[in-house]
Chemist: 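I'd like to ask you about the structure that follows.
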Amino acid sequence: IIVTGCTGWQGVFGFNRKRVLVALSGGVDSAVAAALLLEKGCEVAGITFQLWEENGAGSSGAPYRTRRAREAAADARRIAETLGISHTVVDLRQPFAEEIIAYFAGEYSSGRTPNPCVICNRKIKFSALLQKARELEYPYTATGHYARVEYGRTQKRYLLKKGLDPDKDQSYMLYNLTQEQLSHSIFPLGKMTKKEVRTRARALGLPAADRKGSQEICFIPGDDYRAFLRRRGVTAAPGPIVDRRGRVLGRHGGIPFYTVGQRRGLGLTAPRPLYVLEIRPADNSIVVGEREELFSSGAELAGLNLIALAALDRELEVSVKIRYRAPAVPALLAPLPQERSASLLFREPQAAVAPGQAAVFYRDDLVIGGGTITAAV
RNA sequence: UGGGGCGUAGCCAAGCGGCAAGGCACGGGACUUUGGAUCCCGCAUCGUAGGUUCGAACCCUACCGCCCCAG
């Protein structure tokens with residue numbers, strides 16, 4: 001197994017910088033990442049971020065998940081002990097609530113479908129990780145993500161690449177990272193498969209080795225984001241559900257509780273399944289239609305973050321992921337006049353292009369960049 | 001009371017003589033660092049009782065229930 005470990009980085013950063021601060025989530029991946037760095041002779045310290053904890057009993061059947069969240073730090077500590085490395089816990093609940101939770105609720109309230117992890121990685125996790133690394137004088141940071149970083153000599157930029165395990169690749173979630181963040185990042189699992197990671201974890205006797213990876217949004221117990229929003233007092237004014245022709249088919253319980261592409265939970269009767277095509281905050285309506293109506297030929301993006309390019313100054317053939325769990329599809333990426341904006345034209349129409357979601361574009365394994373979908377075209 | 005219509009799973013709803021579509025909802029599983037996305041699997045003997053028929057949810061009769069029109 002080849003690991004993008006410290007050795008590979010010495011050429012770039014000099015010789016005696018082998019101190020790595022590893023973010024330990026309490027799960028297998030980050031634990032193995034830390035272990036691999038140790039094997040490479042790095043001086044490793046572990047850090048765990050406390051992002052969220054819901055106080056008070058959740059609504060239906062949430063206690064299990066809630067407890068899990070609370071135990072994550074304890075799990076991480078146990079892992080650190082097993083590995084024989086130091087470990088600190090950093091409380092980021094305040095900034096997390098202000099940045100991520102607020103964004104999350106705000107987006108849903110506006111009829112968009114947020115991707116909190118993408119924002120969190122940039123603004124919270126990697127930001128705090130780098131800051132802590134500086135404080136503690138660790139030149140490198142590492143996480144258990146399935147992705148790769150390289151320095152591109154021709155581009156003179158730090159490049160993000162897909163993880164080699166096609167089933168686990170998490171580069172999508174990292175497209176929003178800054179050059180600064182990438183320049184310090186090591187992803188020890190970038191060339192490994194999940195299976196290999198589990199095997200290593202077992203061999204190392206890591207506590208979390210066989211635990212099933214449960215990855216709901218880290219702050220949503222039981223995967224019920226709607227209940228979460230209600231608990232946070234998100235208001236929901238019921239409104240009409242209409243079809244493309246404007247016929248009223250039913251009522252919805254409030255725009256925040258729906259997402260483009262959604263099929264379940266509409267409570268409508270039709271010969272064929274109905275999907276949410278569009279959410280219109282302007283008149284508080286939700287437009288539904290059949291599967292075929294869900295396809296769009298393109299999308300508009302804002303908040304562009306480029307990784308492999310300094311600027312997008314011409315059209316570019318790329319493959320793009322419209323959502324995390326979707327294959328990359330061919331598309332034409334073109335700059336738009338507005339700052340950090342671009343348009344995408346899919347080679348084949350794509351289903352459920354949801355405003356708020358991230359579009360990440362690639363050339364082969366290389367992440368070119370990404371942006372937030374503002375509209376389906 | 002007379003005339004007409006209807007009664008299919010929790011809901012909506014196909015079928016109109018040959019082994020009960022589909023959707024919603026529900027249950028289970030897969031997937032999983034966004035999204036009640038996606039993907040699998042499960043889920044009724046057809047208001048009741050008879051009759052006709054090799055065979056009925058589909059035809060006939062009676063009853064029960066509901067709806068509309070008439071007075």
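Letters go in sequence order (proteins before strands), and every chain restarts at 1.
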Chemist: Which is true for A:Pro114 with a 4.0 Å heavy-atom rule: it touches a base, it touches only sugar-phosphate, or it touches nothing?
Modeler: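 The answer is base, as A:Pro114 lies within the cut-off (heavy atoms under 4.0 Å) of a base atom.
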
Chemist: Can you check whether A:Leu304's main-chain N or O pairs, donor with acceptor, with A:Arg340's side chain at less than 3.5 Å?
Modeler: yes

Chemist: What integer distance in Å separates A:Arg263:CZ from B:C26:P?
Modeler: 13 Å

Chemist: Is the terminal nitrogen or CZ of A:Arg148 (NZ for Lys, CZ for Arg) located under 6.0 angstrom from the six-membered ring centre of A:Phe187 and within 45° of that ring's axis?
Modeler: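 A:Arg148 over A:Phe187 ring: no.
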
Chemist: Taking only the P atom of each, what is the distance from B:C16 to B:C58 in whole angstrom?
Modeler: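 Each nucleotide's P atom is 12 Å from the other's.
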
Chemist: Between A:Gly265 and A:Gln357, which residue's closest nucleotide on RNA chain B lies nearer the 5′ terminus?
Modeler: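 Here A:Gly265 is the residue nearer the 5' end.
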
Chemist: Which word best sums up how the rings of A:Tyr175 and A:Tyr172 line up, parallel for under 30°, tilted for 30 to 60°, or perpendicular for over 60°?
Modeler: tilted

Chemist: Contact class for A:Tyr275 vs. all strands (heavy atom < 4.0 Å): base, sugar-phosphate, or nothing?
Modeler: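 Sugar-phosphate contact only - A:Tyr275 comes under 4.0 Å of backbone atoms but never of a base.
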
Chemist: Quick one: label A:Leu274 by what it contacts on the DNA or RNA (base, sugar-phosphate, nothing), any heavy atom closer than 4.0 Å.
Modeler: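 A:Leu274: no heavy atom of the nucleic acid under 4.0 Å.
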
Chemist: Counting only Watson-Crick or G-U wobble pairs whose two distances fall under 3.5 Å, which nucleotide matches B:C16?
Modeler: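 Its partner is none (no Watson-Crick or G-U wobble pair with both distances under 3.5 Å).
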
Chemist: Rounding to an integer number of Å, can you tell me how far A:Asp165 CG sits from B:C31 P?
Modeler: 13 Å

Chemist: Taking only the P atom of each, what is the distance from B:G3 to B:U61 in whole angstrom?
Modeler: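 One P to the other, the span is 13 Å.
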
Chemist: Given atom CZ of A:Arg291 and atom P of B:C24, what is their separation to the nearest angstrom?
Modeler: 13 Å

Chemist: Rounding to the closest angstrom, what is the interatomic distance between B:G22 and B:A13 at atom C1'?
Modeler: 8 Å

Chemist: Please classify the nucleic acid contact of A:Lys168 as base, sugar-phosphate, or nothing, using heavy-atom distances under 4.0 Å.
Modeler: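 If one applies the 4.0 Å heavy-atom cut-off, A:Lys168 turns out to touch the sugar-phosphate alone, with no base involved.
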
Chemist: Tell me if the centroids of the rings in A:His252 and A:Tyr258 come within less than 6.0 Å of each other.
Modeler: yes

Chemist: Under 4.0 Å between any heavy atoms, over every strand shown, what does A:Tyr108 touch: base, sugar-phosphate, or nothing? Just pick one.
Modeler: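 Since only primed, P, OP1 and OP2 atoms lie under 4.0 Å of A:Tyr108, the category is sugar-phosphate.
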
Chemist: What is the distance, to the nearest angstrom, from the CZ atom on A:Arg251 to the C1' atom on B:C24?
Modeler: 19 Å

Chemist: Which residue lies toward the 5' end of RNA chain B, A:Pro271 or A:Met173, if each is placed at its nearest nucleotide?
Modeler: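 Result: A:Pro271.
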
Chemist: Which base, if any, makes a Watson-Crick or G-U wobble pair with B:U1, both distances under 3.5 Å?
Modeler: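 Partner of B:U1: B:A70.
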
Chemist: Between B:A44 and B:A57, how far apart are the two C1' atoms, rounded to whole Å?
Modeler: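 11 Å, rounded to whole Å.
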
Chemist: Hey, is A:Glu150 close enough to A:Lys161 for a salt bridge, meaning N to O under 4.0 Å?
Modeler: yes

Chemist: Could you identify the nucleotide paired to B:A62, looking across every strand shown and requiring Watson-Crick or G-U wobble geometry with both distances under 3.5 Å?
Modeler: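 Paired with B:U48.
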
Chemist: Looking at A:Glu292 and A:Arg272, is any side-chain nitrogen of the basic one under 4.0 Å from a carboxylate oxygen of the acidic one?
Modeler: yes

Chemist: For A:Arg264 and B:G23, is the shortest distance between a side-chain N/O and OP1 or OP2 below 4.0 Å?
Modeler: no

Chemist: Counting distance only, does the side-chain N/O of A:Ser341 pair as donor-acceptor with the main-chain N or O of A:Glu339 below 3.5 Å?
Modeler: yes

Chemist: Searching all strands shown, indicate the nucleotide that pairs with B:A9 (Watson-Crick or G-U wobble; both distances under 3.5 Å).
Modeler: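 Its partner: none found.
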
Chemist: Please give, in whole Å, the distance from B:U32 P to A:Lys194 NZ?
Modeler: 9 Å

Chemist: Pick the C1' atom in B:U53 and in B:G18, then give their distance to the nearest Å.
Modeler: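 That atom pair is separated by 12 Å.
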
Chemist: Rounding to an integer number of angstrom, what distance separates B:U45 and B:C40 when you compare their C1' atoms?
Modeler: 27 Å

Chemist: Does B:C39 pair with anything, Watson-Crick or G-U wobble, both distances under 3.5 Å, and if so, with which nucleotide?
Modeler: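 Base partner found: B:G29.
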
Chemist: Please give, in whole Å, the distance from B:U38 P to A:Gln350 CD?
Modeler: 15 Å

Chemist: Looking only at atom C1', what distance separates B:G27 and B:G10, rounded to whole Å?
Modeler: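 Comparing C1' positions in B:G27 and B:G10 gives a spacing of 14 Å.
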
Chemist: Could you tell me how far apart A:Leu249 (CG) and B:A13 (P) are, to the nearest whole angstrom?
Modeler: 14 Å

Chemist: Measure CZ/A:Arg323 against C1'/B:C39 and give the value in whole Å, please.
Modeler: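 Rounding to the nearest Å, CZ of A:Arg323 and C1' of B:C39 are 14 Å apart.
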
Chemist: Kindly say if A:Arg325 contacts the phosphate of B:U34, meaning a side-chain N or O under 4.0 Å from OP1 or OP2.
Modeler: yes

Chemist: Taking only the P atom of each, what is the distance from B:U8 to B:A49 in whole angstrom?
Modeler: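 It works out to 16 Å between them.
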
